[in-house]
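Below is one structure; the comments refer to it alone.
Predicted model only: the values in this text are computed from it and were never measured. In what follows, every chain begins at residue 1, and chains take the letters A, B, ... in the order their sequences are listed.
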Amino acid sequence: MRSSGPILEGALYLLALVCFLLGQEASDDVKLDVLAARSEGTLRVISWNVGGAGGEDGHPLADASIPAVAETLTELGPDLVLLQEMASASQVYALVDALGDGWTFVVGREGGRRLAALSFGGELEPFWSEDRCLGVVLRVGGFGPVSAVGVHADAWSSAERNLTIGSAVDRLMRRDEEGGRVLAGDLNLDVDVDKRSDLFSDDSDRDVWTYNYVATRLEDAARGLGSTAEPDRRLDYLFVDERLAVITAGPWKGRRVNDMDHDPVVADVAPSNTGGTGR
Amino acid sequence: MIARLELLRLWRSRRPVLAAGALAFFVGLMLLGFYTYAQTETSGAAEFEYTVENPSYFNGLTFALYAFYFGFLLVLPIFGATEGGAQIASDTARGTMNLYLTRPVTRARVFFTKVAVAAGFMTLLVGLFLSFALLIGLLLIGWGDLDLYPGVLQMTDRHQHLDQTEALWRFAFAWPAASLALLAPLTLSFLVSTWTRNAVNAVGAAVALYLILYVIAEIHLFEDLRPWLFTSYMSYWRALFQEEIDVAAMLRDAASVTGFTVLFLALAFRRFRRREER
């Protein structure tokens, strides 16, 4: 009896090869080309943890990195920047000096370090400042006033993160500026799919609750657009309310210098009644 | 004839009864876990009551999905591995395989009949498990719309809402999709089984291999290895529980996991075809 075994075996190898080829994805890289993408009538918001990874507990922005940060911000031309991990108020002054004319700013605190809100061409009015949170109202041409809160949540304690982020959301949701609401910053939690967040959190369930507390009220502008921090984690977020439509958003890669470990997260938003396309 | 014989042997082995019992036990433990979680962890924020129409997001469909997901990852592959071990290595150890091959049938027919019976058994087991989890969810908790939130089960990155009818359809589609995915550990166990002459070794090695590959695929530090591990693709059916299914991505992952299945099958068949029976 002639064996059909080798033919069958060959057919199986061939079938496996076909399956593997069908399973290939052309490219799953999501690259944000914010410089090309910005269109008229949009508000550009940036959140950036500019600290570095060196040392026992990381360190705030190094003075040597100020020119590079200023260059990136100038290139992006944002309406609102929410920075975390500034070393001191005087360093914020130094950064604004490096940025040149037309910038206004407000400084908040996060432990011994500083939060900052900056605007190019707009006016900033603080409405709330407490440890790790800074709330401002942005007034810029073409938009109604926008309320924004910058946050840098605790890196080690999910309970602390929950309190900080929860209170920031509550505070923001009580504002009713006609231009909309923005919450952005380094939330220090990562609930993205296909990651084991429990390796980096003392209570990943609590982080899930915390994230959902925000996400059920505001839209996560850079959702699904990749990691923002080392190692391959999405820790930096930019949320907007329903009055703002996200035109384009995501982490802008390749802008870190020295030992910085976070990418800036950029979002261009427009009033939702102007028919923003979403992401 | 061979198929009938294999089916009869499968039934008489009591493995189906054992598997069904173990899965029922698993669902019972999940139910207990859900109940205590709702009582102690959520301070009453999540409901866990005996209702038919449970308005909470935490309802019988959520329960069924949780139970099925963890059963799919951690329990069903073990039965797949057991089946592979039992089908080849066990027959070899007991001398049944020698007896089999004295009959005028090709090795290919013997091999593929065993694979088909095992695959059919796994498919039935998946369907039974899914139906049982849904039934328990309906009877003890109550169905309702299916709401999924980010982080939970790592299934979604935004809030997903499916109304009850739509969600039930998705469960129905999940049956064949999950069954297809489970063929990969099943055929891996066949491959291991063709290299051993002892069922315990075959099952142990197949289970260990599956768990190692699963853990490696889960740890993001080994992200670069993921494309080369079948465990990275097995949970592709979770996409069915999105409001808008990314069909192309789902089919790609289904093709990848099928590729591994067929490759393991080819390698197992090669070994089975060439090995010398003692």
## Note on the structure
Between A:Cys19 and B:Ala255 the two heavy atoms that sit nearest each other are CB-O, 3.2 Å
### Message
With heavy-atom distances below 4.5 Å as the criterion, would you say the side chains of B:Leu267 and A:Tyr13 are in contact?
### Response
yes
## Note on the structure
Correct closest heavy-atom pair for B:Phe260 and A:Phe20 would be N-CZ, 3.4 Å
#### Entry: For A:Glu9 against B:Ala266, the heavy-atom pair lying closest together
CG-O, 4.0 Å
### Non-hydrogen atoms of B:Val262 and A:Leu12 that approach each other most closely
CG1-O, 3.0 Å
### Task
Check whether any side-chain heavy atom of A:Gln24 sits under 4.5 Å from a side-chain heavy atom of B:Ser256, and report yes or no.
no
### Message
Minimum heavy-atom separation for A:Gly5 and B:Arg273, please, with both atom names.
### Response
CA-CD, 3.5 Å
## Note on the structure
So OG1 of B:Thr261 and CG of A:Leu15: to nearest 0.5 Å the spacing works out to 10.0 Å
